[in-house]
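See structure below.
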Amino acid sequence: MAAPGNISWTFILTGIPDLGDNQEWFSIPMCLLYVTAFFGNFTILIIIKSDRNLHQPMYLLLSLLALTDVGVSLTTLPTMLSIFCFNYNQIYSESCLAQMYFLHAFAAMESGVLVAMAMDRLVAICDPLRYAAILTNSVIAKMGLVIGIRAVCVVFPIPFLTRRFPFCKSHVLSHSFCLHQDVIRLACADTTVNSVYGLVAVLMTKGIDSMFILISYGLILGAVIRMKANDARVKAFRTCIAHICAVLMFYIPLIGLSVLHRVDKHANPLLPIIMADIYLLLPPVINPVIYCVNTKQIRRKMAQLFTRRKIDFQTNEIAVLKV
């Protein structure tokens, strides 16, 4: 008998299928990923906030990217910990819908931030003399506000559209967290409205964003090739490679996951799980590494931060020994 859409229900989350009841074996690498993600992104935020010289468009956008990565990590953390550390795989409907909303909203925000970063590089490389006049801090603040409002508004209807469904079939989800396309496949009702709106939401956010990113980097590549100074060409190319790596790492698993959920119903069940984990867990870990390695100012400030802490620790240790 189908449960009415307004009655609370419980879903069963899936860890790694091949591990069975031994999900805790994955807890150590999973915890390391989260620690690395939080450490890297909070370090970037602290460095940019503490140094007024870094209150510039490129670094403000980098801090927005770090904030969205922290948001994604915080959203997936509760269910990942419960599955892999405590072997508890149930989630109530209200929690599932909330996690679904924040996951898709933060993903839409990250997509928007990647577009803004591509535009930043486009102006910096193609029109460097007007860069400071075009991309002011107030413009970046407005861009961040638009990115946030767009994500909140586009994703807002999804939990309400999903809540109305009865779930009379299996309640076992394919992932360790709640994704819209994964939840609606279990509904005992016509999900056409959700499927169409989900597709429209993806096209309005990631679809438009990926088009703008593609055009931006096409123009950037043309400008880099036309540069006469070899040093400037190499520097611009290295900067673009870092951004392109972050973009590819975000969009390739996203596109693959969307295709698998909507088209291939007979795919290996492990494949969408791996893609979803890469899509949601890897960017928050890798993005700080990519931008720290390729951004000299961040790299220098990070070295100064840890050197100062090491000196303070040694000073305190000497003081304790003297006492």
Side-chain angles (χ1 to χ4, degrees), residues 56-69 71-72 103-156 158 196-227 236-259 262 278-280 282-284 286-287 290-291 294-295:
Q56 300 173 21
M58 184 177 74
Y59 302 108
L60 294 177
L61 289 173
L62 181 55
S63 65
L64 281 178
L65 183 66
L67 279 173
T68 58
D69 282 338
V72 170
L103 270 182
H104 291 293
F106 279 121
M109 288 180 197
E110 180 149 355
S111 180
V113 173
L114 290 173
V115 173
M117 295 179 82
M119 292 176 62
D120 171 77
R121 291 300 87 200
L122 177 64
V123 176
I125 292 173
C126 297
D127 198 0
L129 296 179
R130 297 179 59 209
Y131 175 80
I134 295 173
L135 288 178
T136 61
N137 287 354
S138 63
V139 169
I140 298 300
K142 290 173 185 176
M143 289 171 67
L145 186 62
V146 169
I147 289 168
I149 292 173
R150 183 192 68 161
V152 168
C153 293
V154 169
V155 181
F156 187 75
I158 288 179
V196 171
Y197 185 80
L199 182 61
V200 169
V202 169
L203 292 176
M204 287 175 62
T205 52
K206 286 94 169 183
I208 294 174
D209 292 349
S210 59
M211 182 182 67
F212 275 113
I213 289 171
L214 191 63
I215 293 171
S216 297
Y217 282 112
L219 294 172
I220 289 171
L221 184 60
V224 170
I225 291 173
R226 290 193 299 270
M227 285 180 179
F237 188 72
R238 283 184 60 187
T239 303
C240 290
I241 286 294
H243 288 276
I244 290 170
C245 286
V247 168
L248 291 177
M249 191 169 51
F250 178 79
Y251 279 104
I252 289 177
L254 168 65
I255 294 169
L257 186 63
S258 298
V259 169
R262 288 183 170 87
I278 291 173
Y279 162 53
L280 292 172
L282 208 56
I286 302 297
N287 283 343
I290 290 175
Y291 290 107
N294 285 277
T295 308

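For Asn287, the side chain to side chain donor-acceptor pair (under 3.5 Å) partners are Asp69, Glu110, not counting sequence neighbours. Annotation: side chain to side chain contact (heavy atoms under 4.5 Å, CB included) contacts of Leu282 (sequence neighbours excluded): Met249, Ile278, Ile286. Residues satisfying the side chain to side chain donor-acceptor pair (under 3.5 Å) test with Tyr217, not counting sequence neighbours, are none. In this structure Arg121 satisfies the salt bridge (charged side-chain N to carboxylate O under 4.0 Å, His left out) test with no other residue, sequence neighbours excluded.
Other residues, nucleotides and ligands contribute only 12 or fewer heavy atoms inside 6.0 Å of the CE atom of Met119. The environment of CE in Met204 is sparse: at most 12 heavy-atom neighbours from other residues, nucleotides or ligands sit within 6.0 Å.
Within the structure, salt bridge (Lys or Arg N to Asp or Glu O under 4.0 Å) contacts touching residues 126-137 (residues at least two apart or in different chains) are Asp127-Arg130.
By the 4.5 Å heavy-atom criterion applied to side chains, Ile241 and Cys245 are counted as neighbours. Taking 4.5 Å as the limit, every side-chain heavy atom of Leu60 sits out of range of all side-chain heavy atoms of Leu64.
Interatomic distance, OG of Ser210 versus CZ of Phe250, reported as 10.0 Å (0.5 Å rounding).
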Is there a side-chain contact (heavy atoms from CB on, under 4.5 Å) between Gln56 and Tyr131 once you walk through the steps?
-> CA-CA 11 Å; Gln56 300 173 21; Tyr131 175 80; over 6 Å; no

Could you list the donor-acceptor pairs under 3.5 angstrom formed by side chains in residues 135-154, with sequence neighbours left out?
unit_1: Thr136; atom_1: OG1; unit_2: Ser138; atom_2: OG; d: 3.0
unit_1: Thr136; atom_1: OG1; unit_2: Val139; atom_2: N; d: 3.3
unit_1: Asn137; atom_1: ND2; unit_2: His55; atom_2: O; d: 3.1
unit_1: Arg150; atom_1: NH1; unit_2: Asp209; atom_2: OD1; d: 2.9
unit_1: Arg150; atom_1: NH1; unit_2: Asp209; atom_2: OD2; d: 3.4
unit_1: Arg150; atom_1: NH2; unit_2: Ala108; atom_2: O; d: 3.3
unit_1: Arg150; atom_1: NH2; unit_2: Asp209; atom_2: OD2; d: 2.8

